[in-house]
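What follows is a set of notes on a single structure, which appears directly below.
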Amino acid sequence: MIEGIPLGRPSVGEAELAAVADVFASGWLSGAGPACRRFEEAFASATGTGHALATSSCGSALFLGLRVLKVRPGDEVIVGDYTFPATGHAVVQAGATPVFADVRPDSFCADPAAVEAAVTSRTVGIIAVDVAGQPGDFDDYRAIASRHGLWLFEDAACSVGATYRTRPAGSLADLAAFSFHGRKGITAGEGGALVSDRAGEIERARRLHTYGVEPALSRRQVVPAFEEIGYNFRLSDVQAAILTVQLERLPALLAARRSVARRYHEGFAGLPGVTVPAELPDREHPWQSYLLLLSPGMDRDRVVTALRARGIQCTFGTYASHLQPVYGKRDPLPVSAGLFRRHLALPMHAGLTAEQVDRVIEAVREEIATCG
Ligand SMILES: *Cc1c(COP(=O)(O)O)cnc(C)c1O
């Protein structure tokens, strides 16, 4: 057990264990089996999309998506800068070049003006990240994509249960990739999904995710032929069964996170030196993370160290991709760089009690006063 109040904690219990027992009894533990099929149907429906493919991670879903979008070496893909670098990595893995776009200071998602300014003759598409789960400006992204003949891909790693103008996260672009890592809204420890209305793309991704051949469950021929090089990016049926239960529990999990966010908002209201994260009026925030913005003069890392010493697990927000050495020297993106330096991620998960949230608020208030 981690001491104190953890940053994230999966909310799993007896119902998930019972679902795992059913998979054990069924004998099909590998991936792409009946439990995956059941989860895919439920998940496509939950995200308002026609088709879903369960994958080993969001990173593998992003990579498969770029493969079926036929991304090639020399292509440029515009990526919202403020994200876990799995987004940029997938572009590089697909052989193309990520071009990072700066973000809006209120949503932390790609700024449509920066996206448009980043378009060149080599641009083939846009990956827009739902930062901390809240979707970006998808109607604007769509207009830019249409104007320039680009595809649009949603990195929905954190946004299960979110909405934008009443549409569910996952349905906002041509393709979307989700993560079921332990810190995300629903989890099987690890896992991911690729969703789309485009049947052909999901079918091609399905073959690629199982070594380039039709999966055993849906195979028509006795001996199928390999027509292309694929991978093992399958989710196991054990994980899929856990996720089917988690998806049923999603409304309750979202409500619990929302009440934590509301309590933080109230606890930090009027506190000088901090800005609480905004929920924009035309979207529903799923609160995968709660990112408090400290004033520019404050030493965020000192605050993190002090809080951790008091048993409160907290950390930075997410990464400014353009500052990661692996992508080489890039032009400065000041908004993203500022968020990367100043964001403080507080404990956020569906199991936090009001008493724990109050302890966090009190500790943050005290440390802000001394570190400020
Ligand atoms: C967590 C995360 C990922 C990576 O998810 P995995 O399932 O670990 O591959 C990608 N993008 C964003 C925005 C994330 O937060």
Side-chain angles (χ1 to χ4, degrees), residues 7-8 10 31 39 43 47 52-67 77-94 98 100-101 103-104 107-110 126-136 138 141 152-162 164 169-170 172-173 175-195 205 209 231-236 239-240 242-243 246 257 277 285-291 315-322 324 326-327 336 339-340 343 345 348-349:
L7 184 67
F39 172 66
F43 197 68
T47 55
L53 173 69
T55 63
S56 54
S57 70
C58 179
S60 58
L62 286 167
F63 175 76
L64 287 171
L66 293 172
R67 284 285 313 266
V77 175
I78 299 170
V79 175
D81 190 65
Y82 195 54
T83 181
F84 186 76
T87 325
H89 280 27
V91 175
V92 176
Q93 286 159 354
F100 299 109
V103 298
R104 273 177 56 163
S107 69
F108 324 139
C109 299
I126 302 164
I127 308 181
V129 182
D130 302 337
V131 180
Q134 181 167 235
F138 273 88
Y141 305 147
L152 181 58
F153 198 165
E154 182 182 2
D155 183 338
C158 301
S159 55
V160 65
Y164 169 78
L172 306 175
L175 288 171
F178 286 87
S179 174
F180 306 123
H181 172 268
R183 242 184 98 190
K184 312 293 167 135
I186 62 172
T187 187
E190 301 283 353
L194 182 68
V195 300
H209 104 305
Y231 316 85
N232 179 354
F233 286 157
R234 291 186 295 264
L235 185 79
S236 86
Q239 293 167 300
I242 295 169
L243 287 167
Q246 289 265 291
R257 284 177 181 267
H285 201 313
W287 300 108
Q288 182 271 333
S289 294
Y290 189 91
L291 305 178
T315 188
F316 62 101
T318 190
Y319 290 87
S321 299
H322 75 289
Q324 302 315 308
V326 70
Y327 300 122
S336 176
L339 299 174
F340 180 46
H343 259 158
M348 174 51 89
H349 58 87

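Start at 1 and go down the list; that is how both ligands and their atoms are numbered. By convention here, the first residue in the shown sequence is residue 1. Hydrogens, waters and symmetry mates play no part in the numbers below; they use all other heavy atoms, side chains included.
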Subject >> CD1-CD1 distance between I127 and I78, expressed to the nearest 0.5 angstrom >> reply: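 That separation rounds to 10.5 Å.
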Original post:
For T83 and T318, which heavy atoms make the closest approach, and how far apart are they?
Top reply: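 Smallest heavy-atom distance, with atoms named: C-OG1, 3.3 Å.
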Original post:
Where's the contact between K184 and ligand 1, heavy-atom distance under 4.0 Å: side chain, backbone, both or neither?
Top reply: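 Only the side chain of K184 comes within reach of ligand 1.
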**OP:** Check each heavy atom of A157 against ligand 1 and say whether those closer than 4.0 Å belong to the side chain, the backbone, both or neither.
**Re:**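 A157 to ligand 1: side-chain contact only, backbone stays beyond 4.0 Å.
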**OP:** Select the closest option to atom 4 (C) of ligand 1 among G191, A86, C158, judged by heavy-atom distance.
**Re:**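 It is A86 that holds the nearest heavy atom.
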Which of the atoms in ligand 1, numbered in the order shown and given with their element, are less than 4.0 Å from a heavy-atom of [X]?
{"X": "V129", "value": "13 (C)"}
{"X": "T83", "value": "13 (C)"}
{"X": "C58", "value": "4 (C), 5 (O), 6 (P), 7 (O), 9 (O), 10 (C)"}
{"X": "D155", "value": "10 (C), 11 (N), 12 (C), 13 (C)"}

**OP:** Report yes if some N/O of S179 lies less than 3.5 Å from some N/O of ligand 1; otherwise report no.
**Re:**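 Yes; at least one N/O pair falls below 3.5 Å.
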Just say parallel, tilted or perpendicular for the rings of [X] and [Y], cut-offs at 30° and 60°.
{"X": "F316", "Y": "Y319", "result": "perpendicular"}
{"X": "F63", "Y": "F233", "result": "perpendicular"}
{"X": "F178", "Y": "F180", "result": "parallel"}

Original post:
H349 and Y290: ring-ring contact (aromatic ring centres under 6.0 Å, His included), yes or no, with the steps?
Top reply: CA-CA 10 Å; H349 58 87; Y290 189 91; over 10 Å; no
Original post:
Are any non-hydrogen side-chain atoms of L7 and T315 less than 4.5 angstrom apart?
Top reply: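 Side chain of L7 against side chain of T315, heavy atoms only: contact under 4.5 Å found.
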Original post:
Please state which protein non-hydrogen atom is closest to atom 9 (O) of ligand 1 and give its distance, to 0.1 Å?
Top reply: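 Answer for atom 9 (O) of ligand 1: G59 N, 2.8 Å.
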